[in-house]
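Step one of this worksheet: look at the structure below.
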Amino acid sequence: MQQTIDPRNQTVESCLKNKSYYIDFYQREYVWAKETVEILLRDIFYAFELSYEQYKDAELTQEVLDKYNWYYLNIFITNNVEGKVYIVDGQQRLSTLTLIAAKLYHTTQNENLRDTLKDCIFGKDKWKGNVYRLDHDKRKDIMDCILNNTEPPKSFKNKTEETLIARYNDISEYINKKAMDEKELNTFISYFLERLVLVELGITKDDTPMIFEVINDRGEPLKPFEILKGKLIGALSKNDTEQFSEIWDVALNRLFNIEDEFFIDYIKSHFVFKRNSKQESAINNAYHRYIFESNDIASQLAFRKVDEHQISNIKKFIREDLDYYNKLYAKIRKNNDEFLIYTNSVLALSGQYQIILSACEINDPQEEEKIHKIASEYDRLFILLTLNGVYNSNTFQEISYSLNEKIRGLELSRYREIFDKCIQRAIQERRGTTNLTSLLDYQVFLKANYTNIDKRTLRYFLARIEKFICDKLQREMNNDVLYIATRTGYKTGYHIEHILSHNDTNLRQFKDEEDFENKRNLLGGLLLLKDQDNISSGNEEYQDKLKTYSAGLVWGHTLCKDFYHINKKMDELNAELQAKCGHKIHSIDCFDEQALMNRCELLYNLVKLIWDVEG
């Protein structure tokens, strides 16, 4: 078997002096944290100080230095391509060693040591000027600042610039605190150059994507999307890597901190159409490996060496799919659409993102319409399943995956039909019947209540009722839907209020206490109060509660007579409601069992209007 790795021991001096390393396309930014750098410095100084204490009285010679403890700095991997040495793994460590060398260069007055350190940091080129040992355009300007002790720019062009300055300052502070005299400083510099040992693994066969996947830098594990970049672009020729690496970087910079979420959602949107817990786990935890293994998704993507047209498939994916769907994902994850706010920020749902990615074709001219339509249909799907008592997370996930397939290539006008069929099928399967006259029957609606709907969803439900009425009356809401549904603080949040207090007056109106408890929990018997109003209303009589409701949200205030004097557009709204469903919103003087049931029926009809339910 041909040997592909050639190991060589290196000191810091032999590793850096008069060498040039190119930072390859799949290398991430310089990201080592202060803590990681300080751990390295502590370890180095610990090993040095043990030996220095033993030999500090002796004149420093090569023979004495050779007796000092050596310190192992781990492995770095290089790949020689057409005469250029590329770093495959270890740029974080080598970058940090270069920064330490720069600090020591500025600190020592020993010209011989300064010359050696300078040769470990940079060389001269008649065309380029300073050429740093780790050669990359992202580093040159900021390394010039460090080398020349000049002020860095007020704003950085990239993460590498920012981190290089920050870590150089940390290194400077650490070494300054050591307060070494001239002898100890120069001894440490000699120790740094000659007794710190690295092992260079030189790859002579281009298997860099595989090597890159399995080896991470010290203390800073690679993320899956970084490994995926190495595997995909690593398969391309060197002539193509710069172009496609730039496309990749521009795309991923739009998705700071959600890069892996994008790839997971993209893969699921295009290839996952039914629930499979094993497949879900593989994609969620290691999609960058899964799509190169032996499975249907890997075969369809065809990024593997064994796949026909591997290179052209990778190029097409980066140039077309990654570029477009990345922009689309960045847009929808901002949740600017009203219904994306509801489904994600309020209801904590995420399947709508996959469905949108599936529905939109590259450069889709109906992109905006599809985003809004899918988000609103997804909200409607969730609410109607919840009110029908058939929602559970597994069923909902199964429906979401099926929509990835059903929605693709479909005309926008047919989205409602597809979503309705999903709702209908879920109801029929749960009830074991094919006889369904409506997507929300009144008798079924009466079974939804305070005890079987989670409180966040209930607050959202009531907030949407609030918004509907306020919109019709052309008045501004006290707080928006997001605020009302999600804020639950003692002083600033909204809390669910039972209109029927648990007191003797109300208990006497019902058959028994069980009947009372069941009915007071009906959705028509609930509203929202802010701050401490819910607590202060306690078990008050209904007439006393009305004083609180008159100062609260609109849905509660409609119980009070004074509401109708100050909202003149109520006549228009009631005329519309009367025409559409035969009901009006009106005040209630006595909230007994009959009033409760009337309120439930009114609420049911409002739900049908808001979530567009026929029948």
Side-chain angles (χ1 to χ4, degrees), residues 442 445-453 455 458-466 468-470 473 475 477-479 484-485 487-567 570 573-574 577 583-607:
Y442 178 59
F445 174 77
L446 287 177
K447 295 178 181 178
N449 59 59
Y450 179 81
T451 65
N452 56 30
I453 299 178
K455 302 305 174 282
L458 263 180
R459 289 194 301 274
Y460 169 66
F461 171 81
L462 292 169
R464 288 293 303 278
I465 302 298
E466 184 77 9
F468 174 82
I469 299 174
C470 286
L473 298 181
R475 60 176 284 174
M477 297 176 68
N478 290 6
N479 296 105
I484 294 172
R487 296 290 286 269
T488 59
Y490 179 73
K491 293 184 177 180
T492 60
Y494 282 87
H495 308 275
I496 299 167
E497 154 84 347
H498 286 81
I499 298 173
L500 286 171
S501 300
H502 195 289
N503 57 36
D504 291 340
T505 302
N506 290 329
L507 280 169
R508 285 195 295 268
Q509 298 181 53
F510 295 86
K511 182 171 57 178
D512 52 38
E513 187 163 353
E514 182 180 358
D515 182 47
F516 167 72
E517 287 294 344
N518 288 337
K519 288 179 178 171
R520 78 187 290 259
N521 285 323
L522 294 176
L523 299 181
L526 306 176
L527 48 82
L528 293 171
L529 291 179
K530 194 179 181 184
D531 307 335
Q532 302 176 50
D533 289 343
N534 179 268
I535 297 171
S536 62
S537 68
N539 288 327
E540 292 177 335
E541 298 295 337
Y542 176 69
Q543 292 298 325
D544 295 323
K545 282 175 174 276
L546 289 176
K547 300 171 186 175
T548 301
Y549 299 164
S550 66
L553 296 180
V554 164
W555 181 235
H557 198 179
T558 59
L559 293 168
C560 309
K561 287 183 178 179
D562 69 329
F563 178 79
Y564 301 86
H565 301 305
I566 59 176
N567 289 279
M570 274 304 301
L573 173 55
N574 274 330
L577 294 177
H583 284 269
K584 293 182 179 181
I585 301 175
H586 57 84
S587 61
I588 299 177
D589 295 329
C590 176
F591 204 85
D592 55 15
E593 183 175 1
Q594 184 59 52
L596 170 63
M597 300 316 295
N598 290 341
R599 184 84 164 177
C600 287
E601 193 169 353
L602 168 64
L603 184 60
Y604 169 70
N605 282 287
L606 292 178
V607 168

Counting C-beta onward and ignoring hydrogens, is there a side-chain heavy-atom pair between Leu546 and Ile588 closer than 4.5 Å?
no
Can you tell me how far CZ of Arg487 sits from NZ of Lys530, rounded to the nearest 0.5 angstrom?
8.0 Å
Which atoms form the tightest heavy-atom contact between Ile585 and Asn574, and what is the distance?
N-OD1, 2.7 Å
Kindly determine whether Lys561 and Asp589 satisfy side-chain contact (heavy atoms from CB on, under 4.5 Å), including the steps that lead there.
CA-CA 8 Å; Lys561 287 183 178 179; Asp589 295 329; 3.1 Å; yes
Does either side chain, that of Glu601 or that of Asn605, offer a donor lying less than 3.5 Å from an acceptor on the other one?
no
So, taking the atom named NE2 in His498 and the one named NZ in Lys545, what distance separates them when rounded to the nearest 0.5 Å?
9.5 Å
Output the distance between atom NZ (Lys519) and atom CG (Leu446), rounded to the nearest 0.5 Å.
10.0 Å
Indicate the atoms forming the closest heavy-atom contact of Leu526 with Leu522, along with that distance.
CG-O, 3.4 Å
Using side-chain heavy atoms (C-beta onward) and a distance below 4.5 Å, is Leu559 in contact with Tyr542?
yes
Is the Tyr549 to His557 ring centre distance short of 6.0 Å?
no
Got a second to check how far Lys447's NZ is from Asn452's CG, nearest 0.5 Å?
10.5 Å
Side-chain contact, heavy-atom cut-off 4.5 Å: His583 with Leu602?
yes
Pairwise distance CG(Leu523) to CZ(Phe445) - rounded to 0.5 angstrom:
4.5 Å
Does NZ or CZ of Arg599 fall inside the cone over Trp555's six-membered ring, less than 6.0 Å from its centre and within 45° of the axis?
yes
Keeping the roles fixed (side chain from Asn567, backbone from Phe563), state whether a donor-acceptor pair exists under 3.5 Å.
yes
Under the criterion side-chain contact (heavy atoms from CB on, under 4.5 Å), I'd like the reasoning laid out for Phe468 against Leu606: C-alpha separation, chi angles, the key distance, then a yes or no.
CA-CA 8 Å; Phe468 174 82; Leu606 292 178; 3.8 Å; yes
If you compare all heavy atoms of Arg459 against all heavy atoms of Ile484, which two are closest, and at what distance to 0.1 Å?
CD-O, 3.9 Å
Given side chains that start at C-beta, do those of Glu466 and Leu462 come closer than 4.5 Å, heavy atoms only?
no
Are Glu541 and Ser501 packed together at the side-chain level, in the sense that at least one heavy-atom pair is separated by less than 4.5 angstrom?
no
Looking at every heavy atom in both Gly552 and Asn478, which two are closest together, and how far apart are they?
O-ND2, 3.9 Å
Hey, does Glu497 have a side-chain heavy atom less than 4.5 Å from the side chain of Leu528?
no
Tyr564 side chain to Thr558 backbone, donor-acceptor under 3.5 Å:
yes
With a cut-off of under 6.0 Å to the ring centre and 45° to the axis, is Lys455 in cation-pi contact with Tyr450?
yes
Quick one, Arg508 with Asp504, criterion salt bridge (charged side-chain N to carboxylate O under 4.0 Å, His left out). Give me CA distance, side-chain angles, the key distance, then yes/no.
CA-CA 6 Å; Arg508 285 195 295 268; Asp504 291 340; 5.1 Å; no
Residue pair His502 / Glu513: nearest heavy atoms and the distance that separates them:
NE2-OE2, 3.3 Å
Yes or no on side-chain contact (heavy atoms from CB on, under 4.5 Å) for Ser587 and Cys560, after CA distance, side-chain angles and deciding distance?
CA-CA 5 Å; Ser587 61; Cys560 309; 5.9 Å; no
Heavy atoms only: give me the nearest Phe591-Gly524 pair and the separation to one decimal.
CZ-O, 4.0 Å
Give a yes-or-no answer on whether the side chains of Asn506 and Asn503 include a donor-acceptor pair shorter than 3.5 Å.
yes
Is a donor on one side and an acceptor on the other found under 3.5 Å between the side chain of Gln509 and the backbone of Phe516?
no
How many angstroms lie between atom CZ of Arg520 and atom CG of Asn449, to the nearest 0.5 angstrom?
11.5 Å
